[in-house]
Amino acid sequence: MGPVELLHMSVFSQRFSPCGRFLAAGNNYGEIAVFSLSAALGPDATAINQKPILTFTAHEGPIYSLLSSDGHLLSAGNGEISAWSWSELTKKNVKPLWTKRPNYKSTLEIPEINSMMLNHRDNSLVVGGGDNNVHILDLEHGVFKAVLQGHSDYIHCVTVREAEILSGGEDGAVRMWDSRTGQCNHCIEVYKYESCARPQYGKWISCLTTDSDWMLCGGGPSLSLWHLRSLSPTSIFPLTGCQRQAAFHEDMILAVGEGAFVSHCLLSGEVKAQIPCTPQSLNTMQFNTNSSEHRVLTVGGSSNHINVFTNLSYRAFSLSF
C-alpha cells in the first residue's frame with residue numbers, strides 16, 4: 001500500500017481473539033490486519049512486532065464491524081458477512097469459512113453493515129445497517145430468520161440485553177425489540193429530550209451499549225446515561241463533538257469520537273480525564289478481557305495507527321497497518 005493510501009486510512013473496527021493473544025482490525029479499504037499482542041507486548045519487542053503478522057483484503061468496501069466468537073472472526077463489509085477461522089488466520093490462511101448476505105429488498109443498492117452483535121440466548125447474530133432494518137442470522141442453521149422493521153433511516157449500532165435487542169439509527173431513535181417476538185416494545189427519540197439535544201450536530205445515534213438496567217447512547221445528541229426501567233436520562237456528559245463508541249468500565253464510562261483523546265467519565269456525568277491519542281478522530285476502542293497477560297485497551301480512528309494502552313492513564317505504544 002502506498003503512502004497516499006496510508007495517509008487516508010481509517011480503522012473502523014477491531015476484535016481480540018478468544019485466547020486474547022491476537023488483535024484483528026478492519027479499515028476503510030476492506031482490509032483486515034492481524035497483530036500478535038504477545039509479540040508486541042513482549043520484553044524484547046521491536047518496531048517489527050508492532051506490524052501485522054497478516055494483512056488481507058476481506059471485503060470490497062470498508063469493514064465497519066468485527067466480532068469474535070467460538071474460534072471464529074466475523075467481518076462485515078458492503079452488504080455481506082464473512083466468517084474466518086482464528087486458528088487458520090494465525091497460520092496465515094485466509095479462506096473464509098462462509099459468506100452470507102441478508103435478504104435485501106433491492107438488488108441494485110448494496111447497503112453497508114454498520115454493526116453486529118451476538119445474541120448468546122439463541123445463538124444468533126444481530127445485524128444493523130444501511131437498509132434501515134435489523135436482520136437476525138441463525139448461526140446454527142446459517143439462515144436469516146427474522147427482520148425487525150421500524151427505523152426510518154439507516155442503523156448505526158445494535159446491542160443485546162437479556163431478551164432484548166436495542167438499535168440506534170440515523171433517524172435519532174433507539175428502538176428496543178423483544179428478541180423472541182420481534183416486536184418493538186419501546187422507542188426513545190433521544191433528540192427530543194432538551195437535556196440531550198444538540199441540533200447543530202443532528203439527531204443520529206452512533207453509539208449504544210447497556211449494562212444491567214442502564215443504557216449509554218449518543219451521537220448528534222450528547223452522550224447520556226439512561227435508566228431503562230424509567231426510560232429517562234440520569235446523566236448528560238459534557239463532551240464536545242459526536243461520540244462514536246462508549247463503554248462501561250468498572251465504575252467509569254469511557255468514550256471516543258471526534259477529538260484525539262479517550263474520555264474518562266464518572267457515572268454522575270463529570271468528565272474526569274481525557275487521555276491523548278495519535279489519531280485526530282476516533283472510531284473504535286476495545287478492551288482485551290480474554291487474557292489477563294495481555295490486558296490492554298486498543299483505540300483506532302483516522303490513522304493507520306492503533307494506540308495501545310497497558311494502563312488507562314497513558315498510551316504505551318502504537319500498532320500500525
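Note that the coordinates shown come from a computational prediction; the quantities given were computed from them, not determined experimentally.
Between the S320 side chain and the H305 main chain, no donor and acceptor come within less than 3.5 Å of each other. Side-chain atoms of N283 never come within 3.5 Å of backbone atoms of G300 as a donor-acceptor pair (strictly under, hydrogens ignored). When atom types are taken as modelled, the side chain of N123 and the backbone of H120 share no donor-acceptor pair closer than 3.5 angstrom. Proximity of a side-chain donor or acceptor of N78 to a complementary backbone N or O of H59 within less than 3.5 Å is not detected. A donor-acceptor pair is defined here as one N or O able to donate and one able to accept, closer than 3.5 Å; no such pair exists between the side chain of D153 and the backbone of G130. Panel note: side chain R198, backbone G241; a donor-acceptor pair is recorded below 3.5 Å. A donor-acceptor pair under 3.5 Å is absent between the side-chain atoms of R101 and the main chain of E80, judged by distance alone. Judged by distance alone, the side chain of D138 and the main-chain N or O of S124 form no donor-acceptor pair under 3.5 Å. Under a 3.5 Å cut-off, the side chain of S206 and the backbone N or O of Q243 do form a donor-acceptor pair. Between the side chain of K203 and the backbone N or O of E170 there is no donor-acceptor pair closer than 3.5 Å.
Other cluster members for W214: L216, L223, L225, F237, L239, F248, I253, L267, V271, joined by side-chain heavy-atom distances under 4.5 Å among Ile, Leu, Val, Met, Phe, Trp and Tyr. Taking a 4.5 Å side-chain heavy-atom cut-off between Ile, Leu, Val, Met, Phe, Trp and Tyr, the cluster of I236 contains only that residue. Annotation for L7: hydrophobic cluster partners, listed by chain and number, are none (ILVMFWY side-chain heavy atoms under 4.5 Å, direct or chained).
The aromatic rings of F144 and H135 stand perpendicular to each other, their planes meeting at an angle above 60°, with 30° marking the opposite boundary. Using the six-membered ring where Trp is involved, W204 and H156 have ring planes that are tilted, between 30° and 60° apart.
No side-chain heavy atom of W177 sits under 4.5 Å from any side-chain heavy atom of Q183. A heavy-atom distance below 4.5 Å is found between the side chains of L319 and V308. Residues R15 and L67 have side chains in contact (heavy-atom distance under 4.5 Å, counting atoms from C-beta outward). Side chains of I275 and R315 form no contact here, defined as non-hydrogen atoms less than 4.5 Å apart. You'll find the side chain of V158 stays beyond 4.5 Å of the side chain of M116, heavy atoms only. The closest side-chain heavy-atom distance from I32 to T55 is not below 4.5 Å. Counting heavy atoms from C-beta on, the side chains of R175 and H186 never come closer than 4.5 Å. T210 is listed as a side-chain neighbour of L228, based on a closest heavy-atom distance under 4.5 Å.
F261 and F309 are not part of a single hydrophobic cluster, where members link through side-chain heavy atoms under 4.5 Å apart. At a threshold of 4.5 Å between side-chain heavy atoms, the hydrophobic network of Ile, Leu, Val, Met, Phe, Trp and Tyr places V299 and F321 in two separate groups. Linking ILVMFWY side-chain heavy atoms closer than 4.5 Å, directly or via other members, places L89 and I53 in a single hydrophobic cluster. No continuous path of hydrophobic side-chain contacts links V147 to V126 [ILVMFWY only; heavy atoms under 4.5 Å]. Two different hydrophobic clusters hold L297 and F317 under the rule that ILVMFWY side chains link at heavy-atom gaps under 4.5 Å.
R161 and D213 are joined by a salt bridge, as a carboxylate oxygen and a charged side-chain nitrogen come within less than 4.0 angstrom of each other. Remark: D122 engages K145 in a salt bridge, criterion side-chain N to carboxylate O under 4.0 Å.
Each of S195, S222, C196 was compared with V190 under the side chain to side chain contact (heavy atoms under 4.5 Å, CB included) criterion, and only C196 meets it.
Put simply, CD1 on I136 and OG on S179 are 8.0 Å apart, with the number rounded to the nearest 0.5 Å. The NE2 atom of H249 sits 4.5 Å away from atom CG of L312, with the distance rounded to the nearest 0.5 Å.
With hydrogens and angles left out, the side-chain atoms of R244 and S281 include a donor and acceptor closer than 3.5 Å. A donor atom on one side chain and an acceptor atom on the other are found under 3.5 Å apart for Q274 and S263. Side-chain N/O atoms of H151 and N132 include no donor and acceptor closer than 3.5 Å. Between the side chains of T209 and T159, no donor-acceptor pair is found at a separation under 3.5 Å. Side chain to side chain, Q14 and T298 meet the donor-acceptor criterion of an N or O pair below 3.5 Å.
Taking the six-membered ring for Trp and the full ring otherwise, W86 and F16 have centroids separated by 6.0 Å or more.
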- Should C217 and W226 be marked as a side-chain contact (heavy atoms from CB on, under 4.5 Å) after you check the CA-CA gap, both sets of side-chain angles, and the distance that decides it? CA-CA 8 Å; C217 66; W226 293 66; 3.6 Å; yes
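Counting heavy atoms of neighbouring residues, nucleotides and ligands inside a 6.0 Å radius, atom CD of Q200 exceeds 12 of them.
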